[in-house]
Amino acid sequence: MKLLRQRKLRRESDPLDNVQEEHYQGESGNKKKKVKSHSIKRELTFSFAVMIAIVLVSNWVINNLFLERYYMMKKQKVLINTYEQLNETITTYGLNEEIVKENMGNIFGAENISLLVLNQDMKTCLYTSNINKNLMAGRLYGYLVGVDNSNDSIIKRNEYYTLQRNTDMESKQEYLELWGVLDNAYAFLMRVPLESIRSNAKISNEFLAYISIVVIAISTIMLSWLSKKITKPILELTELSKRMAELDFDAKYSSGGNDEIGQLGEHFNKMSETLEMTISELKTANNELQQDIEKKTQVDEMRKEFLSNVSHELKTPIALIQGYAEGLQECINDDEESREFYCSVIMDEAAKMNNMVKKLLTLNQLEFGNEKVMMERFDLTTLIRGVVQSAEILAQQKEAKIRFSQKDPVHVWADEFKVEEVVTNYISNALNHVDYKKIIDVKIKKKEDGKVRVSVFNTGDPIPEEDMPNIWIKFYKVDKARTREYGGSGIGLSIVKAIMDSFHQECGAINYKNGVEFWFELDGDAEAEGKRENE
């Protein structure tokens with residue numbers, strides 16, 4: 001639960017996460033989450049659209065406030081430049097209407113300038129205008145004599161000309177006028193209607209407003225597409241980080257790219273691989289540690305069990321030896337036969353203890369890998385025949401029959417001495433448990449995979465199924481009363497299992513209705529040759 005809360009806090013504090021969650025809790029537990037979505041795509045689109053709108057609106061406001069003034073300044077400059085050019089032309093070429101129109105006609109037409117030039121007699125010498133020249137001549141005369149200047153708004157005045165704004169009383173139109181005297185003493189009047197300036201400014205502002213609307217719409221669409229392109233890899237990285245937080249390392253960044261986001265995605269992929277490898281190593285180490293702990297616990301339990309079993313197994317023979325030795329010491333029976341009986345019991349129990357200690361030492365060497373395994377090729381048939389012959393006397397005492405019909409040699413690869421010990425243990429175990437028909441069958445069978453299986457079957461009672469997994473454990477005895485009859489210690493099958501494990505081979509037991517079969521396998525010639533080739 002603590003880990004889940006930490007993951008939850010990490011997700012809520014993640015700066016790449018575009019979803020904020022508000023949690024509500026009531027008496028019945030967690031209620032439905034209320035989610036507020038803050039899409040980066042929408043925020044980018046809205047921010048850029050607002051920025052563009054601010055720029056365009058600001059431009060439109062500035063045009064409305066200052067465009068007309070700017071036009072006025074430009075027209076003033078145009079009038080002054082036209083005056084200078086007119087003065088230079090007339091001074092150079094004289095008052096020739098054709099030359100003036102040729103040199104300056106384009107300026108008059110393009111800038112909508114009306115021009116009137118009077119000589120010293122105040123007669124019209126030159127004009128270019130669409131209005132009444134007499135009206136312009138009268139106005140110029142009034143300016144020169146200082147009569148018609150009641151509505152003047154002088155902008156600039158010097159000894160050569162006067163720049164002013166004036167309203168025509170008849171047409172009610174406002175003009176920007178420049179009047180004065182040329183270098184040759186000719187009087188002149190140039191005027192530009194201001195209404196055209198205002199119209200141009202108004203049209204320009206209207207056009208700018210329409211363009212702004214279109215630009216904002218197109219920009220919004222383009223920004224929406226661009227923000228989607230930008231935020232798509234970010235959203236993929238957000239989902240990738242979420243899946244990584246849930247330890248899903250199959251998630252990979254796939255959008256690619258050589259920009260910063262693409263590099264971040266590559267780093268995410270590398271981080272995912274590194275985290276997966278690290279967690280795998282941690283899990284492996286944790287598993288090994290757990291196994292070590294379990295093995296230590298198992299070893300402690302085995303040590304306790306071993307000490308308990310050894311003390312239990314040695315307790316009875318030691319007690320018998322002590323009792324009979326005390327009897328001999330106290331001369332309970334003076335006859336020779338009784339003393340021999342006491343001595344034989346002591347020797348028998350001491351032999352059992354000696355045999356058990358030897359087996360324990362052998363088992364200890366095998367379990368801890370201190371016993372060296374000498375792999376060699378030998379005839380298994382000869383080895384088993386020798387063990388059977390050695391056990392014939394004991395079989396006759398038990399009125400049992402050992403059958404081994406294999407005559408042809410069967411060569412295997414193993415430690416011959418240890419295999420002999422396995423066969424001896426199996427036949428000894430069979431003799432101790434043989435019953436009913438009292439038959440022991442020893443067989444050798446070659447398998448298709450190159451293995452050679454040796455089986456020892458004895459008639460008698462099957463092993464209870466619940467005891468089958470435990471028969472290979474040290475000191476485990478299925479029938480303890482019967483085991484005491486023949487002096488068994490419960491170590492023989494444990495030695496068999498340890499020997500076969502040192503060979504890396506299999507062994508086992510199979511129940512039948514009329515008895516039990518114990519088996520083990522070894523590498524035959526073909527199997528051993530194949531292993532050598534693989535190595």
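Heavy-atom basis, side chains included; hydrogens, waters and symmetry copies ignored. The structure displayed is predicted, hence computed values, not measured ones.
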Show, in sequence, the C-alpha distance, side-chain angles and deciding distance for Tyr426 and Leu493, and conclude whether the side chain to side chain contact (heavy atoms under 4.5 Å, CB included) test is met. CA-CA 8 Å; Tyr426 272 178; Leu493 292 180; 4.0 Å; yes
Any chance you could lay out the side chain to side chain contact (heavy atoms under 4.5 Å, CB included) test for Lys451 and Asp523, step after step, and finish with the verdict? CA-CA 5 Å; Lys451 297 280 187 181; Asp523 287 336; 2.9 Å; yes
Rounded to the nearest 0.5 Å, what's the gap from [atom1] on [X] to [atom2] on [Y]? Could you check?
| X | Y | atom1 | atom2 | value |
| --- | --- | --- | --- | --- |
| Leu522 | Leu380 | CG | CG | 6.5 Å |
| Ile218 | Ile213 | CD1 | CD1 | 12.0 Å |
| Asp441 | Arg403 | CG | CZ | 4.0 Å |
| Lys418 | Met374 | NZ | CE | 9.5 Å |
| Lys407 | Ile444 | NZ | CD1 | 13.5 Å |
| Asn286 | Gln291 | CG | CD | 10.0 Å |

I need the minimum non-hydrogen distance between [X] and [Y], along with the two atoms involved.
| X | Y | value |
| --- | --- | --- |
| Leu383 | Glu420 | CD2-CA, 3.8 Å |
| Val456 | Ala430 | CG1-CB, 4.0 Å |
| Ala400 | Val434 | CB-CG1, 4.1 Å |
| Cys507 | Met500 | CB-CG, 3.8 Å |

Looking at [X], I'd like to know if its [atom1] atom is crowded, meaning that more than 12 non-hydrogen atoms belonging to other residues, nucleotides or ligands lie closer than 6.0 Å.
| X | atom1 | answer |
| --- | --- | --- |
| Met375 | CE | yes |
| Leu289 | CG | yes |
| Glu376 | CD | yes |
| Glu399 | CD | no |
| Lys438 | NZ | yes |

Listed once per pair and sorted, the salt bridge (Lys or Arg N to Asp or Glu O under 4.0 Å) pairs that draw on residues 278-290, sequence neighbours left out: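 Salt bridge (Lys or Arg N to Asp or Glu O under 4.0 Å) check on residues 278-290 returns no pairs.
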What I want to find out is whether Lys447 reaches Glu521 closely enough, with some N-O distance under 4.0 Å, to be called a salt bridge.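 So Lys447 pairs with Glu521 through a salt bridge.
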N-O pairing of Lys497 and Asp501 below 4.0 Å: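 Yes, this pair counts.
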Using side-chain contact (heavy atoms from CB on, under 4.5 Å) as the criterion, point out the one residue from Thr381, Asp379, Val452 that pairs with Val412.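 The option that passes is Val452.
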Among Val516, Asn458, Ile440, side-chain contact (heavy atoms from CB on, under 4.5 Å) partner for His433: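 Of Val516, Asn458, Ile440, side-chain contact (heavy atoms from CB on, under 4.5 Å) with His433 is met by Asn458 alone.
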Run the side chain to side chain contact (heavy atoms under 4.5 Å, CB included) test on Gln406 and Thr382 for me, step by step, so that the C-alpha distance in whole Å, both residues' side-chain angles and the decisive distance to 0.1 Å come before the verdict. CA-CA 9 Å; Gln406 181 72 29; Thr382 303; over 6 Å; no
Kindly say whether [Y] contributes a backbone atom to a donor-acceptor pair with the side chain of [X] at under 3.5 angstrom?
| X | Y | result |
| --- | --- | --- |
| Ser502 | Ile499 | yes |
| Thr459 | Ile439 | yes |
| Asn425 | Glu421 | yes |

With heavy-atom distances below 4.5 Å as the criterion, would you say the side chains of Val496 and Phe520 are in contact?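 Contact flag for Val496/Phe520 side chains = no.
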Residue pair Phe404, Ile384: steps toward the side chain to side chain contact (heavy atoms under 4.5 Å, CB included) verdict: CA-CA 8 Å; Phe404 179 63; Ile384 294 176; 3.8 Å; yes
Just to verify, what does Tyr512 make a side chain to side chain contact (heavy atoms under 4.5 Å, CB included) with, not counting sequence neighbours?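 So Tyr512 forms a side chain to side chain contact (heavy atoms under 4.5 Å, CB included) with Phe457, Ile510, Asn514, Glu517.
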Where does the angle between the aromatic ring planes of Trp472 and Phe518 fall among parallel (under 30°), tilted (30 to 60°) and perpendicular (over 60°)?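 The arrangement is perpendicular - the two ring planes meet at more than 60°.
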